[in-house]
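These values consider heavy atoms only, across backbone and side chains, with no hydrogens, waters or symmetry-generated copies. Below, chain A is the first sequence line, B the second, and so on; all start at residue 1.
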Protein chains: 2
Amino acid sequence: MSYIPLLPGSLAAPVAERSDAARNRERLLEAARELIAECGVDSLTMDRLAGRAGVGKGTVFRRFGSRTGLMITLLSDSEAAFQARFMFGPPPLGPGAPGLERLIAFGSARIAYVLEHGDLVRAAESSAQSRYEVPAALLWQRHVEILLREEGMEADPLLMAMTLISTLDPERLLHAVRVQGFTTERLTSTWRELVTRVVSGR
Amino acid sequence: MSYIPLLPGSLAAPVAERSDAARNRERLLEAARELIAECGVDSLTMDRLAGRAGVGKGTVFRRFGSRTGLMITLLSDSEAAFQARFMFGPPPLGPGAPGLERLIAFGSARIAYVLEHGDLVRAAESSAQSRYEVPAALLWQRHVEILLREEGMEADPLLMAMTLISTLDPERLLHAVRVQGFTTERLTSTWRELVTRVVSGR
DNA sequence: ATATTAATCGGACCGCGGTCCGTTTAGCTT
DNA sequence: AAGCTAAACGGACCGCGGTCCGATTAATAT
């Protein structure tokens, strides 16, 4: 079973990787996880990472393209798991429940995901490019759009889906919880209220 | 006796400014507008600005605190005008119209404002700090919250207001129009649909 | 006028993400 | 085993936002 790739042309383009390249990629990912465990995501710099992994800085950028790309790679496993849950998993998140319940579950799950992975998600979405055009984002958008249609929304479900999803922006959620002190429950409730009214409103 | 100002060198700072400081601030703002007119917001760097204004780099940062602070200052006039419109101006944006209509008008006006000032607004909101804690953002939030209450929303109007406003994020709006090619009308319609359903929903 | 002082100034300096290009090397060919 | 070539390597280099601190200067007291 193969999922929609998280990075443009990475998993989908299985160009043979030279052995030293593969070895360095593993080294870098391991070193990155170590550094994050030790000092947190924010103090992970590309220089430090290169130093810890024993490779040159250029190698880091050739492997991951950018700091954002590295963060996306570090999250790709849990992101794939998240995708699997709402696409194939048990209801109400997965198929089998009514659209509205799935919408509510989707938001709750996303909020939990963002709070669990914290700064990592924020760093992975730190550019407009990575926020809106990464395959994962397009997948969520389609998912929410389909659920909206299923619930009978007629007017511009695509843009409404994008709008609803923008509400789950990691930066905003983390700020709400960590700086403003809102509880996860309140955020989840507001999402539930929002999608319920949007779906059954008018 | 000194206290922490709300904004670097802003309205709340009654401390008399030395004449050379005031002169340099004017020079810098003028130079900034020139550079933006010539090359766009994105290629305005703090070094170039200092060079054009004929001052040292340190002076730029003492005046405006950060690049974000400079952008906020550059926008402050039009931001004040925007605030005046929805607080004291004619309906439906200003007082006199029903809450829902004022909500719709608020979103439309904000979308127009963001698209008009483009990169400048984006640059002014480029940090979580400036996005959520700047006085202007708190004002919009209160405004929307009050309109929601006026329309009878009971459950958590504060958080619902913040959520709705997050939908008007400049980065998202600009990306939708400039990259994805959505029309202003579609964005405005979606906002209208959203707030209408939220207010009259359930 | 002169002295005092505190605000202001300016540019060297820092760490960051990201690029570039001469050097090295893995893996194939002969 | 030796040669070839394209890929991978690594670190010097760049421009950026932001900081720091000794030099300067405007405003005030004498």
Side-chain angles (χ1 to χ4, degrees), chain A residues 10 13-29 31-32 35-36 39-74 119 122-130, chain B residues 1-3 5 8-9 13-28 31-32 35-36 39-74 119 122-130:
Chain A
S10 65
V15 194
E17 201 174 36
R18 237 170 66 170
S19 64
D20 52 346
R23 188 195 61 219
N24 281 340
R25 198 190 55 220
E26 288 314 308
R27 269 198 204 169
L28 283 166
L29 288 176
L35 286 175
I36 289 175
C39 313
V41 171
D42 291 341
S43 56
L44 171 66
T45 73
M46 302 303 259
D47 278 301
R48 266 204 269 274
L49 175 57
R52 170 69 75 110
V55 304
K57 196 178 179 179
T59 302
V60 185
F61 280 91
R62 196 167 332 91
R63 279 288 92 77
F64 304 107
S66 65
R67 200 181 117 103
T68 294
L70 169 68
M71 299 305 180
I72 292 177
T73 303
L74 286 172
D119 302 298
R122 187 159 45 97
E125 300 201 7
S126 61
S127 78
Q129 188 72 8
S130 69
Chain B
M1 179 64 185
S2 71
Y3 54 91
V15 194
E17 202 174 34
R18 236 170 65 171
S19 64
D20 51 347
R23 188 195 61 218
N24 281 340
R25 197 190 54 219
E26 287 315 307
R27 270 199 204 167
L28 283 166
L35 286 175
I36 289 175
C39 312
V41 172
D42 291 341
S43 55
L44 170 66
T45 72
M46 301 305 258
D47 278 300
R48 266 203 270 273
L49 174 58
R52 170 69 74 111
V55 304
K57 196 177 178 179
T59 303
V60 185
F61 280 92
R62 197 170 329 92
R63 280 287 93 75
F64 304 107
S66 66
R67 200 181 117 101
T68 294
L70 169 67
M71 300 304 180
I72 293 177
T73 304
L74 287 172
D119 302 298
R122 188 160 44 99
E125 300 201 8
S126 62
S127 79
Q129 188 72 10
S130 68

Q: Would you classify B:Arg23 as touching base, sugar-phosphate or nothing, given that sugar-phosphate means primed atoms plus P, OP1 and OP2, and contacts are heavy atoms under 4.0 Å?
A: nothing

Q) So what does A:Arg63 hit on the nucleic acid, given a heavy-atom distance under 4.0 Å: a base, only sugar-phosphate, or nothing? A) sugar-phosphate

Q) Are B:Leu70 and B:Leu49 side-chain neighbours, meaning at least one heavy-atom pair lies under 4.5 Å? A) yes

Q: For the residue pair A:Arg25 and A:Phe64, establish whether any side-chain heavy-atom pair is separated by less than 4.5 Å.
A: yes

Q) Can you name the one residue among A:Asn24, A:Val55, A:Asp47 that meets side chain to side chain contact (heavy atoms under 4.5 Å, CB included) with A:Val60? A) A:Val55

Can you measure [X] atom [atom1] to [N] atom [atom2] for me and round it to whole angstrom units?
X       : N      : atom1 : atom2 : value
B:Met46 : C:dG11 : CE    : C1'   : 15 Å
A:Phe61 : C:dC20 : CZ    : P     : 13 Å
B:Phe64 : C:dT8  : CZ    : C1'   : 14 Å

Q. Starting at the 5' end of DNA chain D, which residue's closest nucleotide do you reach first, A:Gly58 or B:Arg48?
A. A:Gly58

Q: List the steps, then state whether salt bridge (Lys or Arg N to Asp or Glu O under 4.0 Å) holds for A:Asp20 with A:Arg23.
A: CA-CA 5 Å; A:Asp20 52 346; A:Arg23 188 195 61 219; 5.6 Å; no

Q. In a check of side chain to side chain donor-acceptor pair (under 3.5 Å) between B:Thr68 and each of B:Ser130, B:Ser126, B:Ser127, which one passes?
A. B:Ser126

Q: Could you run through nucleotides 2-7 of chain C and give me one letter per nucleotide, 5' to 3': B if any protein heavy atom sits under 4.0 Å from the base, S if only the sugar-phosphate is that close, - if neither?
A: -----B

Q.
Within this structure, what is the CZ-CZ distance for the pair A:Arg27 and A:Arg63, rounded to the nearest 0.5 Å?
A. 12.5 Å

Q: Hey, could you give me the CE/CG distance between B:Met46 and B:Leu28, rounded to the nearest 0.5 Å?
A: 8.5 Å

Q: Using the closest heavy atom to pick a nucleotide of DNA chain C for each, name whichever of A:Arg67 or B:Asp20 lands nearer the 5' end.
A: B:Asp20

Q | Donor-acceptor contact below 3.5 Å, side chain B:Arg62 vs main chain B:Ala21 | A | no

(Q) Under a 3.5 Å distance rule, please check whether B:Arg67 uses its side chain to pair with a backbone N or O of B:Leu44 as donor and acceptor. (A) yes

Q. First and last nucleotide of DNA chain D touching chain B, 5' to 3', heavy-atom cut-off 4.0 Å?
A. D:dC16 to D:dA27

Q. Is any side-chain N or O of B:Thr59 closer than 4.0 Å to OP1 or OP2 of C:dT8?
A. no

